[in-house]
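Here the structure is laid out as structure tokens; the discussion comes afterwards.
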Amino acid sequence: MSKPSFDDIYMELAGTLAKRSHCVKAQVGAVLTKDTRIVSLGYNGPPSGTHNCDIEWPEEGCPRDSKGSCSLALHAEQNAILYAAKNNISLSGCTLYITLSPCIACARVIYTVGIKKVYYQHSYASFKAIKAEEGVDFLKRFGVEVVHYQK
């Protein structure tokens, strides 16, 4: 009997967490690990205690900001990073597993907190219909190992 790899386990968990999202446009999950242990989890959606987009705006989702993005949502990796920060958990040297590659803003945060490796499943550039994988390119440029996960 073969055992699943930790990469498979954490990416599967990220996919399961994505199902918790209240976003009507995209469901994204994230898992942060260190030395094969989970240190934080997250999924995309509005900050706790605000709105649940799928309940308040079930057809169209939350209002858009000036750039056409969700005006309320935190990205999955932001939620995982913020939970760790709130609980004084160092993310230096951690690995991030995420179902959608990071946007450029999240990539800057990922780099700044010291995450050293990122596994992603789907392309943010394809999802947003933009030319470049800006977040992935940024991370690679500054020495973060980035892996396009494919089971």
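It should be emphasised that the depicted structure is a prediction, and the values quoted were computed from it without experimental measurement.
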Does Glu134 use its side chain to pair, donor to acceptor, with the backbone of Cys103 at less than 3.5 Å? no
If hydrophobic clusters are built from ILVMFWY residues whose side chains come within less than 4.5 Å, do Leu13 and Leu96 share one? no
Calculate, to the nearest 0.5 Å, the distance between atoms NZ and CG belonging to Lys3 and Asp8 respectively. 14.5 Å
Rounded to the nearest 0.5 Å, what separation is found between the CD atom of Glu77 and the SG atom of Cys106? 3.5 Å
Answer yes if Val28 and Tyr120 sit in the same cluster of Ile, Leu, Val, Met, Phe, Trp and Tyr residues linked by side chain heavy atoms under 4.5 Å apart, and no otherwise. yes
Rounded to the nearest 0.5 Å, what separation is found between the OH atom of Tyr43 and the NE2 atom of His22? 5.5 Å
Within one Ile-Leu-Val-Met-Phe-Trp-Tyr cluster: Met11 and Leu41, side-chain cutoff 4.5 Å: yes
Check: Phe127 ring centre within less than 6.0 Å of His122 ring centre: no
Please examine the side chains of Ile110 and Leu91, heavy atoms only from C-beta on, and report whether any two atoms are closer than 4.5 Å. no
Hey, could you give me the OG/CD1 distance between Ser40 and Ile81, rounded to the nearest 0.5 Å? 8.5 Å
Same cluster or not: are Val144 and Val113 linked, directly or through other Ile, Leu, Val, Met, Phe, Trp or Tyr residues, by side-chain heavy atoms under 4.5 angstrom apart? yes
Given Leu74, which partner from the list Thr50, Leu82, Asn44 fulfils the side chain to side chain contact (heavy atoms under 4.5 Å, CB included) test? Leu82
Report the C-alpha separation of Val147 and Val118 in whole Å, then their side-chain angles, then the decisive distance to 0.1 Å, and conclude whether the side chain to side chain contact (heavy atoms under 4.5 Å, CB included) test is met. CA-CA 6 Å; Val147 177; Val118 175; over 6 Å; no
Listing request: all side chain to side chain donor-acceptor pair (under 3.5 Å) pairs with a residue in residues 78-98, at least two apart in sequence or in separate chains. Asp7-Tyr97
How long is the span from the OH atom in Tyr124 to the OG atom in Ser101, to the nearest 0.5 Å? 8.5 Å
Parallel, tilted or perpendicular: ring planes of Tyr10 versus Phe6, cut at 30 and 60 degrees: parallel
For Lys117 and Tyr119: C-alpha separation, side-chain torsions, deciding distance, then whether side-chain hydrogen bond (donor to acceptor under 3.5 Å, both in side chains) applies. CA-CA 7 Å; Lys117 192 170 190 176; Tyr119 286 86; 3.0 Å; yes
